[in-house]
Asks: 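Dropping the structure in here first, questions after.
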Amino acid sequence: MSTETATKTATPIADLNKLPTTEAVSPMTPEQSKGSFWSSNPISSFIIDGYKQVHSHRKSLALVNPGTVENLNKEVSRDVFLSQYFFTGLRADLNKAFSLNPAFQTSHTFSIGSTSLPNYAFSALFADDNLFVQGNLDNDLSLSGRLNYGWDKNNISKVNLQIANGQPSMCQLEQDYQASDFSLNLKTLNPSFSFTKDNSLIPDFAGVAVGSLLQSVTPQLSLGLELLYSKSQATSPADAGVSYLTRYVSKKQDWIFSGQLQANGALVSSFWRKITPNVEAGIETSLQAGMIPITDPMLGTPIGIQPTIEGSTTVGAKYEYRQSVYRGTVDSTGKVACFLERKVLPTLSILFCGEIDHAKNESKLGCGLQFETAGNQELLMMQQGLDTEGNPLQAPPA
C-alpha cells in the first residue's frame with residue numbers, strides 16, 4: 001500500500017524539465033544603479049517627484065520668456081523717449097558696411113560744439129550667429145569695447161571694458177541665462193579679490209555685484225528681484241539692497257506696464273501704448289523719498305529732519321514712417337525735447353534735435369548728417385532699395 005502510494009506521488013524525471021527556471025541575471029549598469037539609488041532614497045525621491053510636478057504645472061500654464069531686467073521698460077525709455085539719440089552741436093557719421101553675414105561695419109563720427117561727444121571717434125563692429133564684438137576709440141585715446149558670446153541659445157557671456165584718459169578704468173563681466181519662462185542675470189563691476197586675513201581660505205571681494213531674476217507668473221504678468229552688493233574696498237563695510245520688479249504685457253501686446261521699487265526707495269513706473277501701426281506713446285513717472293534738514297529760523301542751527309517726496313513725469317510719442325522718424329517728449333519740469341531723423345537719400349539721413357527748458361530758460365540744439373556706404377555692389381543695391389537683379393524691393397506702407 002505504501003509502495004503504491006509512493007509510486008503515485010513521485011514525480012517523473014521527465015517532468016522536472018517542465019519546472020520554471022530562473023533567467024540569467026546580468027550585472028546592473030552604473031546608470032541603473034544610480035537611478036535605483038535615487039529612486040529608492042526617500043528624500044531624493046520626494047525632491048524628484050516634487051520637481052516633476054512643479055515642472056509639469058509650469059508647462060500647463062503656457063508661460064513665455066519675460067525678457068531681461070535691463071529691458072524691463074525699453075519700449076518707453078529706448079524706443080519712444082529720445083535720451084538715447086539726443087546730442088548737441090554739429091555731428092556727422094560716416095558708416096560703411098563691408099559684409100552682412102558675418103556683419104562687419106566701420107564708423108567715423110565727427111562732432112563740433114558738443115559737451116558729451118568727442119571731436120572724433122572711430123568704431124568697428126563684427127557679428128555672426130554666436131559672437132558680437134564692438135570697439136570705439138576717440139581723439140582723447142579713450143578706448144571702450146564690448147564682447148558678447150552665445151554658448152547656446154540660452155547662455156550669453158558679456159564683457160565690457162573702458163579705458164579713459166585721466167579717468168579710472170572700468171571692467172564689467174556679465175552672464176545672462178534665458179529660460180522658457182524666466183531670465184537670470186549675474187554681473188559684476190570692477191571685481192577684485194584679496195586676502196586681508198592671515199590663513200584665510202576665502203578671499204575678500206571688492207567691487208559691485210548685481211544679480212537679477214525675472215519670472216513669468218502668467219503669460220502676461222512677470223515678477224522679479226534684483227540684488228545689489230557694493231564694496232569699495234576689501235576693508236570697508238559693504239552696502240546691499242533689494243529692488244522689486246514687475247511687468248505686464250496685454251494679450252494683444254498693444255500696451256505694456258512696468259514698475260520698479262528700487263533699493264534707494266525710488267518708485268518708477270512706465271506705460272507704453274501702440275496707438276496705430278506707425279504711432280507709439282509712453283509715459284514714465286518716478287517718485288523719490290528723501291529727508292531735508294529743519295533749521296531754527298532764529299539761530300540757523302538744524303533742529304530736525306523732515307521727510308519729503310519728489311517726483312517727475314515724462315510723456316513722449318514716436319511717429320515712424322517709411323522715410324522719417326520723429327520723437328518728442330515733455331516732462332513735468334517744463335522741458336520740451338524733440339528728435340527728427342529724415343532719410344533724404346537711400347544712403348543719406350538728416351538728424352535734428354532740440355530741447356527747451358522753460359524753468360531754467362535754457363535751450364539746446366543739434367544737427368547732423370549720416371552717410372551710409374557699402375563695401376560691395378550687392379550691399380549698395382540693398383541700401384538703394386534694389387535687389388540683386390536691380391528690381392525695386394517691396395517698400396512698407398507710408
Side-chain angles (χ1 to χ4, degrees), residues 74-75 77-114 116-139 142-148 160 277-280 318-328 337-354 364-398:
K74 72 177 184 64
E75 290 82 6
S77 61
R78 298 185 182 182
D79 295 344
V80 175
F81 290 175
L82 50 90
S83 57
Q84 300 287 332
Y85 311 92
F86 190 84
F87 64 94
T88 57
L90 300 179
R91 174 180 177 179
D93 297 331
L94 305 177
N95 303 327
K96 185 173 183 178
F98 293 90
S99 63
L100 292 179
N101 191 17
F104 180 65
Q105 178 180 340
T106 60
S107 176
H108 303 268
T109 301
F110 302 89
S111 177
I112 299 177
S114 177
S116 58
L117 297 177
N119 294 332
Y120 170 76
F122 171 79
S123 63
L125 180 147
F126 175 85
D128 58 10
D129 295 336
N130 299 323
L131 181 64
F132 175 85
V133 181
Q134 184 180 16
N136 300 283
L137 179 65
D138 60 16
N139 58 293
S142 297
L143 177 66
S144 62
R146 182 173 56 167
L147 185 146
N148 299 350
N160 291 341
N278 298 330
V279 180
E280 304 175 10
K318 173 186 174 182
Y319 298 83
E320 183 174 4
Y321 300 99
R322 184 175 57 184
Q323 299 292 338
S324 61
V325 179
Y326 173 80
R327 293 177 174 89
C338 67
F339 177 83
L340 174 64
E341 179 181 358
R342 173 70 178 179
K343 186 176 289 294
V344 294
L345 293 175
T347 59
L348 176 61
S349 299
I350 297 178
L351 309 178
F352 173 83
C353 55
K364 300 178 182 179
L365 185 65
C367 298
L369 296 176
Q370 191 173 66
F371 300 90
E372 297 181 2
T373 60
N376 54 45
Q377 185 66 20
E378 181 180 354
L379 294 176
L380 180 61
M381 295 178 67
M382 293 182 63
Q383 290 182 351
Q384 294 177 354
L386 303 176
D387 59 13
T388 57
E389 298 181 356
N391 299 320
L393 298 174
Q394 184 177 0

Asks: Is any side-chain heavy atom of Y85 closer than 4.5 Å to a side-chain heavy atom of R327?
Replies: yes
Asks: So does Q370 get a backbone contact from the side chain of R91, meaning a donor-acceptor N/O pair under 3.5 Å?
Replies: no
Asks: What is the distance from atom CG of L90 to atom CG of L365, rounded to the nearest 0.5 Å?
Replies: 8.5 Å
Asks: OG of S349 to CD of E372: how many Å apart, nearest 0.5 Å?
Replies: 6.0 Å
Asks: So that I can tick it off, tell me whether K318 and E320 are bridged by a salt bridge, with the cut-off set at under 4.0 angstrom between side-chain N and carboxylate O.
Replies: yes
Asks: Given the rule in the side chain to side chain donor-acceptor pair (under 3.5 Å) test, do R78 and Q84 qualify, once you have shown the distances and angles that lead to the verdict?
Replies: CA-CA 6 Å; R78 298 185 182 182; Q84 300 287 332; 5.7 Å; no
Asks: Please determine whether the number of non-hydrogen atoms from other residues, nucleotides or ligands lying under 6.0 Å from atom CZ of F110 exceeds 12.
Replies: yes
Asks: How about Q323 and R342: do any of their side-chain heavy atoms sit closer than 4.5 Å?
Replies: yes
Asks: Rounded to the nearest 0.5 Å, how far apart are OG of S107 and CG of D93?
Replies: 5.5 Å
Asks: Do you know which of F87, F86, Y326 makes side chain to side chain contact (heavy atoms under 4.5 Å, CB included) with F339?
Replies: F87
Asks: Does atom NZ (K343) have a neighbourhood of more than 12 heavy atoms from anything else shown, all under 6.0 Å?
Replies: yes
Asks: Could you pull out all donor-acceptor pairs under 3.5 Å where a side-chain atom in residues 119-128 meets a protein atom, sequence neighbours excluded?
Replies:
{"unit_1": "Y120", "atom_1": "OH", "unit_2": "H108", "atom_2": "ND1", "d": "2.9"}
{"unit_1": "D128", "atom_1": "OD1", "unit_2": "N130", "atom_2": "N", "d": "3.1"}
{"unit_1": "D128", "atom_1": "OD1", "unit_2": "L131", "atom_2": "N", "d": "2.6"}

Asks: Hey, could you give me the CG/OG1 distance between N95 and T106, rounded to the nearest 0.5 Å?
Replies: 8.0 Å
Asks: Rounded to the nearest 0.5 Å, how far does CZ of F371 lie from CG of L369?
Replies: 5.0 Å
Asks: Of all residues at least two apart in sequence or in a different chain, which pass the side chain to side chain contact (heavy atoms under 4.5 Å, CB included) check with S83?
Replies: none
Asks: If we only count heavy atoms from C-beta on, is the F132 to R146 side-chain gap below 4.5 Å?
Replies: yes
